[in-house]
Number of protein chains: 2
Amino acid sequence: MISNSGVKAMNIMTIGQIARNSGTSIETIRFYEREGLIEKPPRTESGYRNYRPDVISRLSFIREAKSLGFSLMEIKELLSLKFSPETNCGDVRSQAEKKILDIEHKIDSLQRMKQALVKLVTACPGSGPTSECPILEAMETKKLG
Amino acid sequence: MISNSGVKAMNIMTIGQIARNSGTSIETIRFYEREGLIEKPPRTESGYRNYRPDVISRLSFIREAKSLGFSLMEIKELLSLKFSPETNCGDVRSQAEKKILDIEHKIDSLQRMKQALVKLVTACPGSGPTSECPILEAMETKKLG
DNA sequence: ATAAACCCTGCACCCTACTCCAGAGTCAAT
DNA sequence: ATTGACTCTGGAGTAGGGTGCAGGGTTTAT
């Protein structure tokens, strides 16, 4: 290796270090790279991937968004709201507005679900044979959808 | 057919009617039955499934919960949260409490995501290039997850 | 009584999102 | 200079969640 002679660039990491720090496996990181969810990082002379640490938060974001029911496709869209010098601000804006509505709907549904469960828990000591399925009932009467 | 002679039981539906009314395909309904997410309905003499209309809201709930990032397994657990003579109150209660925490975490994450997007939209002048839209920054710095 | 529209089972297949090799090269420490 | 931990590519395999027939009965309208 020839580079890295004078200054030690301590802000680059191997894929293994990124994996350990992000809770995402090496294989998955490479998979996300193939799928375009994270940028192709520069390589060393020998071909090793060379990451800047900020890819870690991107990976955390992906993990979080997945657990909220977004597909990798949707996550890609969310992420691309930043990196598109081509598209104009209006496009991004309306995209973002759509996502906001989507998210608001999700929050709503979760709040109704939570309410149903809270009701179930507080009614618990009574222990009588309550309704067949409290969560379903709560969701039904409030007309989810 | 011999039954159904005197009284017309109008509150039963075929699988096709359920499918059309719930937005879930026939195949998927049968799949959910195999997986135990919905009860096996009674059958006609000829073997046709005979549903009561309330299965529709159960299917809607499943669809909703899926979009919120719950797996079919988790949905099964959510649906089974009720007091039955078999399970004791403590079990149900602690199960429900775990689900509540889970849901609260999801709501939190969604709210942070929404905030990031709202910030993006309000920071967006509505035209021009988007080289430095604040969305990813907002998401990264807030340390989602 | 015949066609169109349904429904049945069983099984193969598909998509998404990974996960796991094999075979080979690289790096750090001893 | 060798060992052991690490990385590379390419490709096959897996789990979860459906989807699509084929082959064959059933219902309903005409």
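Since we're looking at a predicted model, the values are computed, not measured.
To the nearest angstrom, P of C:dA28 lies 11 Å from CD of A:Gln17. Atom pair B:Glu74:CD and D:dG16:P shows a separation of 12 Å (rounding to whole Å applied). In this structure, the CD1 atom of A:Ile29 is 17 Å from the P atom of C:dA17, given to the nearest Å. In this structure, A:Ile38 places its CD1 atom 12 Å from P of C:dC18, rounding to the nearest Å. Remark: P of C:dC18 and CG of A:Leu59 are 11 Å apart, rounded to the nearest angstrom. In this structure, A:Glu45 places its CD atom 14 Å from C1' of C:dC27, rounding to the nearest Å. Following rounding to the nearest Å, B:Arg43 (CZ) and D:dG25 (C1') show an atom-to-atom distance of 14 Å. Summarising the geometry, the separation between NZ on A:Lys40 and P on D:dC8 is reported as 12 Å, rounded to the nearest angstrom.
With hydrogens and angles left out, the side chain of A:Tyr48 and the base of D:dC8 share no donor-acceptor pair within 3.5 Å.
Between the side chain of B:Lys66 and the backbone N or O of B:Ile75 there is no donor-acceptor pair closer than 3.5 Å. Checked by atom type and distance alone, the side chain of A:Lys106 pairs as donor or acceptor with a backbone atom of A:Leu68 at under 3.5 Å. The backbone N or O of B:Tyr48 sits less than 3.5 Å from a side-chain atom of B:Thr44, completing a donor-acceptor pair.
The number of heavy atoms from other shown groups lying within 6.0 Å of CD (B:Glu39) does not exceed 12.
Within the 4.0 Å cut-off from OP1 or OP2 of C:dC7, at least one side-chain nitrogen or oxygen of B:Thr14 is found. At C:dG25, none of the side-chain N or O atoms of A:Ser46 fall inside 4.0 Å of OP1 or OP2 (strictly under the cut-off). Look at B:Arg49 and you'll find a side-chain N or O under 4.0 angstrom from OP1 or OP2 of C:dC8.
The two residues B:Arg49 and B:Ile15 have their closest heavy-atom pair at CD-CD1, 4.0 Å. Residues B:Arg63 and B:Ser22 come closest through the heavy atom pair NH2-O, 3.4 Å.
Here the side chains of B:Leu59 and B:Ile56 are not in contact, with every heavy-atom distance at 4.5 Å or above.
The listed nucleotides are D:dT7, C:dT9, D:dT27; the one nearest the side chain of A:Ile26 is D:dT7.
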Which atoms of nucleotides 17-21 of chain D (N or O only) lie under 3.5 Å from a protein N or O atom, and what are those distances?
unit_1: D:dG17; atom_1: OP1; unit_2: B:Leu72; atom_2: N; d: 3.0
unit_1: D:dG18; atom_1: OP1; unit_2: B:Tyr32; atom_2: OH; d: 3.4
unit_1: D:dG18; atom_1: OP1; unit_2: B:Lys66; atom_2: NZ; d: 2.9
unit_1: D:dG18; atom_1: OP2; unit_2: B:Tyr32; atom_2: OH; d: 2.6
unit_1: D:dT19; atom_1: OP2; unit_2: B:Thr28; atom_2: OG1; d: 2.7

